[in-house]
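Below is one structure; the comments refer to it alone.
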Amino acid sequence: MMSVINRVFSDSTIRAWGSCMQKKLLAVLTVFGCALLLAGIAAAHHGVAGYDMTKTVALHGTVTKFDWSNPHVVVYLDAKPEGGEMQHWTIEFASPVHMVRAGWSKSSMKTGDDIVIETHPSRNGAPVGITSTITFILKTVINGQALPSRSE
């Protein structure tokens, strides 16, 4: 009986099986590692750590571009803060699907529109802000018409 078992499970068969299992384990660990790496990038991308969420700045200016695209809606505007010089601001909103659910559309604003907008400014002082996520939309007024907003 032992000779039959030895012939069926020879040393070369056992080594081949072990090598195959090592390759599968390596493949699984590689996929798992890549998933962890991408999850970290996604989490960092969707954070608001770069913005001062305790401070709200009101800007009045002119829309220079309205980019209604994924992953975020972005408005570019020229605004002059009180007592300051003209600045080119970039304001981030939530994704288009979240903005539509809130009552916005890709025609909510256009280049040349007069804009009054509240935003949480960048922590580093750059003229960049965030005005909306899936949980809030700060005040935005286009040509005297308030767009839908939502409290934090």
Side-chain angles (χ1 to χ4, degrees), residues 13-152:
T13 303
I14 292 171
R15 278 194 300 272
W17 182 80
S19 176
C20 179
M21 291 307 292
Q22 285 178 343
K23 288 179 184 176
K24 286 182 181 180
L25 179 61
L26 180 62
V28 167
L29 289 176
T30 300
V31 169
F32 183 71
C34 289
L36 282 177
L37 178 67
L38 293 175
I41 291 169
H45 170 78
H46 288 94
V48 293
Y51 302 102
D52 186 349
M53 301 303 283
T54 63
K55 185 176 180 184
T56 302
V57 175
L59 301 170
H60 182 199
T62 304
V63 175
T64 58
K65 183 179 178 185
F66 183 52
D67 187 11
W68 184 271
S69 63
N70 282 312
H72 300 281
V73 173
V74 179
V75 65
Y76 302 90
L77 61 125
D78 289 339
K80 187 175 180 181
E82 286 186 37
E85 294 184 22
M86 184 66 71
Q87 294 179 321
H88 306 289
W89 280 80
T90 302
I91 309 294
E92 179 181 329
F93 289 83
S95 68
V97 69
H98 289 106
M99 298 307 292
V100 166
R101 289 178 185 162
W104 287 52
S105 74
K106 64 182 176 183
S107 61
S108 291
M109 67 180 86
K110 63 186 179 316
T111 300
D113 282 346
D114 181 68
I115 186 170
V116 176
I117 189 167
E118 291 180 350
T119 190
H120 295 299
S122 169
R123 288 187 186 273
N124 68 7
V128 176
I130 188 166
T131 295
S132 147
T133 66
I134 61 172
T135 59
F136 71 90
I137 302 173
L138 298 178
K139 180 180 172 183
T140 304
V141 178
I142 300 296
N143 299 323
Q145 187 73 24
L147 295 177
S149 63
R150 200 170 48 230
S151 298
E152 294 181 71

With a 4.5 Å limit on heavy-atom distance, are the side chains of [X] and [Y] in contact?
{"X": "Val128", "Y": "Tyr51", "result": "yes"}
{"X": "Ser149", "Y": "Thr140", "result": "no"}
{"X": "Pro121", "Y": "Lys55", "result": "yes"}
{"X": "Ile91", "Y": "Leu59", "result": "yes"}
{"X": "Met109", "Y": "Trp104", "result": "yes"}
{"X": "Thr133", "Y": "His98", "result": "no"}
{"X": "Thr56", "Y": "His120", "result": "yes"}
{"X": "Trp89", "Y": "Val75", "result": "no"}

Mind checking the [atom1]-[atom2] spacing from [X] to [Y]? Nearest 0.5 Å is all I need.
{"X": "Lys80", "Y": "Glu85", "atom1": "NZ", "atom2": "CD", "result": "8.0 Å"}
{"X": "Asp113", "Y": "Gln145", "atom1": "CG", "atom2": "CD", "result": "11.5 Å"}
{"X": "Ile142", "Y": "Ser107", "atom1": "CD1", "atom2": "OG", "result": "11.5 Å"}
{"X": "Leu77", "Y": "Thr64", "atom1": "CG", "atom2": "OG1", "result": "6.5 Å"}

Do any N or O atoms from the side chain of [X] and from the backbone of [Y] form a donor-acceptor pair under 3.5 angstrom?
{"X": "Thr90", "Y": "Pro127", "answer": "no"}
{"X": "Arg150", "Y": "Ile134", "answer": "yes"}
{"X": "His72", "Y": "Ala94", "answer": "no"}

Review point. Do His60 and Asp114 pass the side chain to side chain donor-acceptor pair (under 3.5 Å) test, and can you show the C-alpha distance, the side-chain angles, and the key distance before you say yes or no?
Key: CA-CA 8 Å; His60 182 199; Asp114 181 68; 2.8 Å; yes
What closest approach, in Å, do [X] and [Y] show between heavy atoms, and which atom pair accounts for it?
{"X": "Tyr76", "Y": "Asp67", "answer": "CE1-CB, 4.3 Å"}
{"X": "Ala102", "Y": "Pro148", "answer": "O-CB, 3.1 Å"}
{"X": "Ser95", "Y": "Val73", "answer": "C-CG2, 4.2 Å"}

Exercise for review: Under the side-chain contact (heavy atoms from CB on, under 4.5 Å) rule, what do Met53 and Ile130 come out as? Steps first, then yes or no, please.
Suggested key: CA-CA 9 Å; Met53 301 303 283; Ile130 188 166; 4.1 Å; yes
Practice item. Report the C-alpha distance between His88 and Asp78 in whole Å, list the side-chain angles of each, state the deciding distance to 0.1 Å, and finish with yes or no for side chain to side chain donor-acceptor pair (under 3.5 Å). Key: CA-CA 5 Å; His88 306 289; Asp78 289 339; 2.3 Å; yes
